[in-house]
Number of protein chains: 2
Amino acid sequence: MRKGYLEYCILLIINRKPVYVSDIINELKEARMIVVEGTLYPLLSRLKNNGILSYQWQESASGPPRKYYELTEKGRAFLAELENGWEELRAAVEHLKR
Amino acid sequence: MRKGYLEYCILLIINRKPVYVSDIINELKEARMIVVEGTLYPLLSRLKNNGILSYQWQESASGPPRKYYELTEKGRAFLAELENGWEELRAAVEHLKR
DNA sequence: AAATAGTACTTTGCAATGCAAGGTATTAGA
DNA sequence: TCTAATACCTTGCATTGCAAAGTACTATTT
């Protein structure tokens, strides 16, 4: 399945509360989107380097420490843009379908 | 901005009636999607080579002849698949937004 | 009829996205 | 101390979309 707008979906998830990669994959799975690690890590790194995300290391009771990501100020603004883009695409498809 | 699902939008347009590239660009413009020739021609060629589309040359009153594209049987089946994919993505985004 | 302008189709090269596959490092538990 | 599990990271590839430049045909103007 073609994902497109994966970035948007991931930011929607992170926007709710800080999460690490496994959390993200599980939430996507609940929404019936299958995404793998090899897709997420580079994407998260890119967003972090662009100042959209920040992270904090956090201990785990059952394994190595985890990177918990959250949105920066800039990230919330960027999410709002993606929201617009999504609505525009949705409107376009609606328009073309009738 | 990344469009994703551009292929879907284009097949929606061609499904209504045979069109050539300029028609497609205009209809997309009406739906507020800006797409250029350099994107469309390779996409249409690919779809034609995959048996999704066929075309017929048609004279023009005001210039060189045009390639009018239409969906094949296989193309209509493929469009139905894309329809599913789109609905799945829409459902996923809905799910993640609440 | 020759030159010009306009329309239509095509190709090439690049950047971004997503995936598969394989690799490294830390921790818990036997 | 060794093994299994968890977590993070990297490399190489296929696909998608765009910019830019190029080719070919038609109509119009001179």
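Side chains are part of it too, since the values below use all heavy atoms of this structure and drop only hydrogens, waters and symmetry mates. Lettering of chains follows the sequences in order, A, B, ..., and the numbering in each one begins at 1.
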Enquirer: Which pair of non-hydrogen atoms, one from B/A31 and one from A/A92, has the smallest distance, and what is that distance?
Expert: O-CB, 3.4 Å

Enquirer: Using atom OH of B/Y5 as one end and atom P of C/dT17 as the other, report the distance to the nearest whole Å.
Expert: 17 Å

Enquirer: Starting from C1' on D/dT16, measure out to CG on B/L11 and report it in whole angstrom.
Expert: 15 Å

Enquirer: Rounded to whole angstroms, how far apart are CD on B/E7 and P on D/dG17?
Expert: 7 Å

Enquirer: When all nucleic acid strands are considered with a 4.0 Å heavy-atom cut-off, which category describes B/S22: base, sugar-phosphate, or nothing?
Expert: sugar-phosphate

Enquirer: Can you measure B/Y69 atom OH to C/dC9 atom P for me and round it to whole angstrom units?
Expert: 7 Å

Enquirer: Heavy-atom distance under 4.5 Å between the side chains of B/L44 and B/I14, does that happen here?
Expert: yes

Enquirer: Return the value, rounded to whole Å, for the distance between atom NZ of B/K48 and atom C1' of C/dC9.
Expert: 14 Å

Enquirer: OP1 or OP2 of C/dC9 less than 4.0 angstrom from a side-chain nitrogen or oxygen of B/Y20, does that happen here?
Expert: no

Enquirer: So which atom in B/H95 and which in A/R16 form the shortest heavy-atom distance, rounded to 0.1 Å?
Expert: O-NH1, 4.3 Å

Enquirer: Phosphate oxygens OP1/OP2 of D/dT15: is one of them under 4.0 Å from a side-chain N or O of B/R46?
Expert: no

Enquirer: Once you round it to whole Å, what is the distance between C1' of D/dA7 and CH2 of A/W57?
Expert: 8 Å

Enquirer: Please evaluate residues A/E87 and B/K97 with respect to the criterion salt bridge (charged side-chain N to carboxylate O under 4.0 Å, His left out), reporting the C-alpha separation (whole Å), side-chain torsions for both, the decisive distance (0.1 Å), and the verdict.
Expert: CA-CA 13 Å; A/E87 288 304 330; B/K97 271 169 88 167; 3.3 Å; yes

Enquirer: Each nucleotide in nucleotides 19-26 of chain D should get exactly one letter: B, S or -. Can you fill that in based on protein heavy atoms under 4.0 Å?
Expert: BB----BS

Enquirer: Under 3.5 Å, is there a donor-acceptor pair between the side chain of A/N15 and the main chain of A/L11?
Expert: no

Enquirer: Expressed as a whole number of angstroms, how long is the span from A/L53:CG to D/dC8:P?
Expert: 14 Å

Enquirer: Provide, to the nearest angstrom, the distance between the OH atom belonging to B/Y8 and the P atom belonging to D/dT16.
Expert: 17 Å

Enquirer: Are B/E30 and A/R98 within salt-bridge range, i.e. N to O under 4.0 Å?
Expert: no

Enquirer: Check whether any side-chain N or O of A/Y41 sits under 4.0 Å from OP1 or OP2 of D/dC9, and answer yes or no.
Expert: no

Enquirer: Mind telling me whether A/Y68 and A/Y20 have parallel, tilted or perpendicular rings, with 30° and 60° as the class edges?
Expert: tilted

